[in-house]
Participant: 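Here it is: the structure, laid out below.
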Amino acid sequence: MSKIGVMMSADNADGQMSSHFGKAEWIMIADTENRGVEFVKNDGMNGKSAAEIMIRQRCTDAIFTEIGNGAFGHLKAANIRGWVAPEHITGMQAYQMFEQLKLRNVDIATKQGGGHGCCCSSRADAEVPSCCKG
């Protein structure tokens, strides 16, 4: 049995995927055994909280369009494989592409740069959001 986390902008399988891992408002959890899906709200709105949701849900794989170094590090530490989907597709389309082996597996972040997988590097110290502090 595998569970696949798909980064979503809305809690609807036919809705568009989120453009970035940590900024996904919802995570669609697709269960390959019972063919069901459920949605979990990403209240933290950062890569660390999204990765923690996937760990709690026992996901084996994550589908995203873009991911930063910090979030990817959390997935890698939890042995969750990362898969890149094309932009502007629905969550269900991404999941179907995963099942058809049409997604690219990645072993490094897709978005390089400073920070911790969120907007950390572009802020002054006084403005740094909590996601960057731990």
Side-chain angles (χ1 to χ4, degrees):
M1 175 183 83
S2 296
K3 287 189 176 182
I4 316 306
V6 183
M7 309 317 291
M8 301 293 295
S9 295
D11 61 344
N12 178 343
D14 292 322
Q16 187 169 325
M17 286 185 62
S18 175
S19 63
H20 190 273
F21 183 87
K23 293 182 178 33
E25 288 187 55
W26 295 91
I27 301 173
M28 180 176 82
I29 308 294
D31 188 322
T32 61
E33 185 174 301
N34 69 18
R35 311 298 294 168
V37 298
E38 67 177 289
F39 290 85
V40 179
K41 181 92 166 135
N42 179 17
D43 290 322
M45 292 297 294
N46 62 65
K48 183 178 180 181
S49 69
E52 288 172 351
I53 290 168
M54 290 199 179
I55 292 166
R56 281 195 308 273
Q57 293 291 322
R58 301 181 198 278
C59 290
T60 56
D61 299 270
I63 301 173
F64 44 80
T65 58
E66 195 172 87
I67 190 169
N69 289 320
F72 192 78
H74 290 298
L75 290 183
K76 197 167 187 169
N79 293 316
I80 298 173
R81 294 177 297 240
W83 302 88
V84 176
E87 291 187 44
H88 309 298
I89 64 172
T90 69
M92 190 52 70
Q93 288 172 320
Y95 177 65
Q96 290 168 343
M97 290 177 75
F98 172 83
E99 286 191 316
Q100 298 165 0
L101 305 175
K102 292 183 178 180
L103 297 181
R104 179 173 54 99
N105 179 247
V106 293
D107 58 1
I108 60 169
T110 61
K111 183 173 183 170
Q112 303 300 316
H116 295 84
C118 64
C119 54
C120 307
S121 62
S122 63
R123 307 270 181 119
D125 283 340
E127 300 174 321
V128 174
S130 62
C131 67
C132 303
K133 296 176 181 173

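On a predicted model such as this, the values are computed, not experimentally measured, just so you know.
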Participant: I want to check something: taking the side chain as every heavy atom from C-beta on, are Val84 and Phe64 in contact at a cut-off of under 4.5 Å?
Facilitator: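 SC-SC contact between Val84 and Phe64 confirmed.
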Participant: Can you give each donor-acceptor pair under 3.5 Å made by side-chain atoms of residues 100-108, sequence neighbours left out, with the distance rounded to 0.1 Å?
Facilitator:
residue	atom	partner	partner atom	Å
Gln100	OE1	Lys102	NZ	3.4
Asn105	ND2	Gly82	O	3.0

Participant: Check for me, please, whether Trp83 and Ile80 land in the same ILVMFWY cluster - side-chain distances under 4.5 Å, paths through other members count.
Facilitator: no
Participant: Kindly work out whether a path of hydrophobic side-chain contacts (I/L/V/M/F/W/Y, heavy atoms less than 4.5 Å apart) joins Ile63 to Phe39.
Facilitator: yes
Participant: Taking all non-hydrogen atoms of both residues, which atom of Phe21 and which atom of Gly47 are closest, and how far apart?
Facilitator: CE2-O, 3.5 Å
Participant: Backbone N or O of Ser2 within a donor-acceptor pair of the Thr60 side chain at under 3.5 Å?
Facilitator: no
Participant: About how many Å separate NE2 of His74 and OG of Ser49, when rounded to the nearest 0.5 Å?
Facilitator: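 Output value for this atom pair is 9.5 Å.
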Participant: Which distance, rounded to the nearest 0.5 Å, do you find between the CE of Met45 and the CD of Glu25?
Facilitator: 5.0 Å
Participant: Checking side chain to side chain contact (heavy atoms under 4.5 Å, CB included) between Gln57 and each of Asp31, Val40, Ile27, which is the one that passes?
Facilitator: Val40
Participant: Could you list the donor-acceptor pairs under 3.5 angstrom formed by side chains in residues 3-12, with sequence neighbours left out?
Facilitator:
residue	atom	partner	partner atom	Å
Ser9	OG	Met17	O	3.4
Asn12	OD1	Asp14	N	2.8

Participant: Within the distance-only criterion (no hydrogens, no angle test), does the side chain of Thr65 pair as donor or acceptor with the backbone N or O of Ser19 below 3.5 angstrom?
Facilitator: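 Such a contact is found between Thr65 side chain and Ser19 backbone.
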Participant: If hydrophobic clusters are built by linking Ile, Leu, Val, Met, Phe, Trp and Tyr wherever their side-chain heavy atoms come under 4.5 Å apart, do Trp26 and Ile55 end up in the same one?
Facilitator: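 No, no single cluster joins them.
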Participant: Please find the pair of heavy atoms, one from Asn42 and one from Ala24, that lie closest to each other, and give the distance.
Facilitator: ND2-O, 2.9 Å
Participant: Work out which heavy atom in Ile89 is nearest to a heavy atom in Ala85; give both atom names and the distance.
Facilitator: CD1-CB, 4.0 Å
Participant: Going by atom type alone, with no hydrogens or angles, which donor-acceptor pairs under 3.5 Å involve a side-chain atom of residues 91-98 and a protein atom two or more places apart or on another chain?
Facilitator:
residue	atom	partner	partner atom	Å
Gln93	OE1	Thr90	N	2.8
Gln93	OE1	Thr90	OG1	3.3
Tyr95	OH	Glu99	OE2	3.0

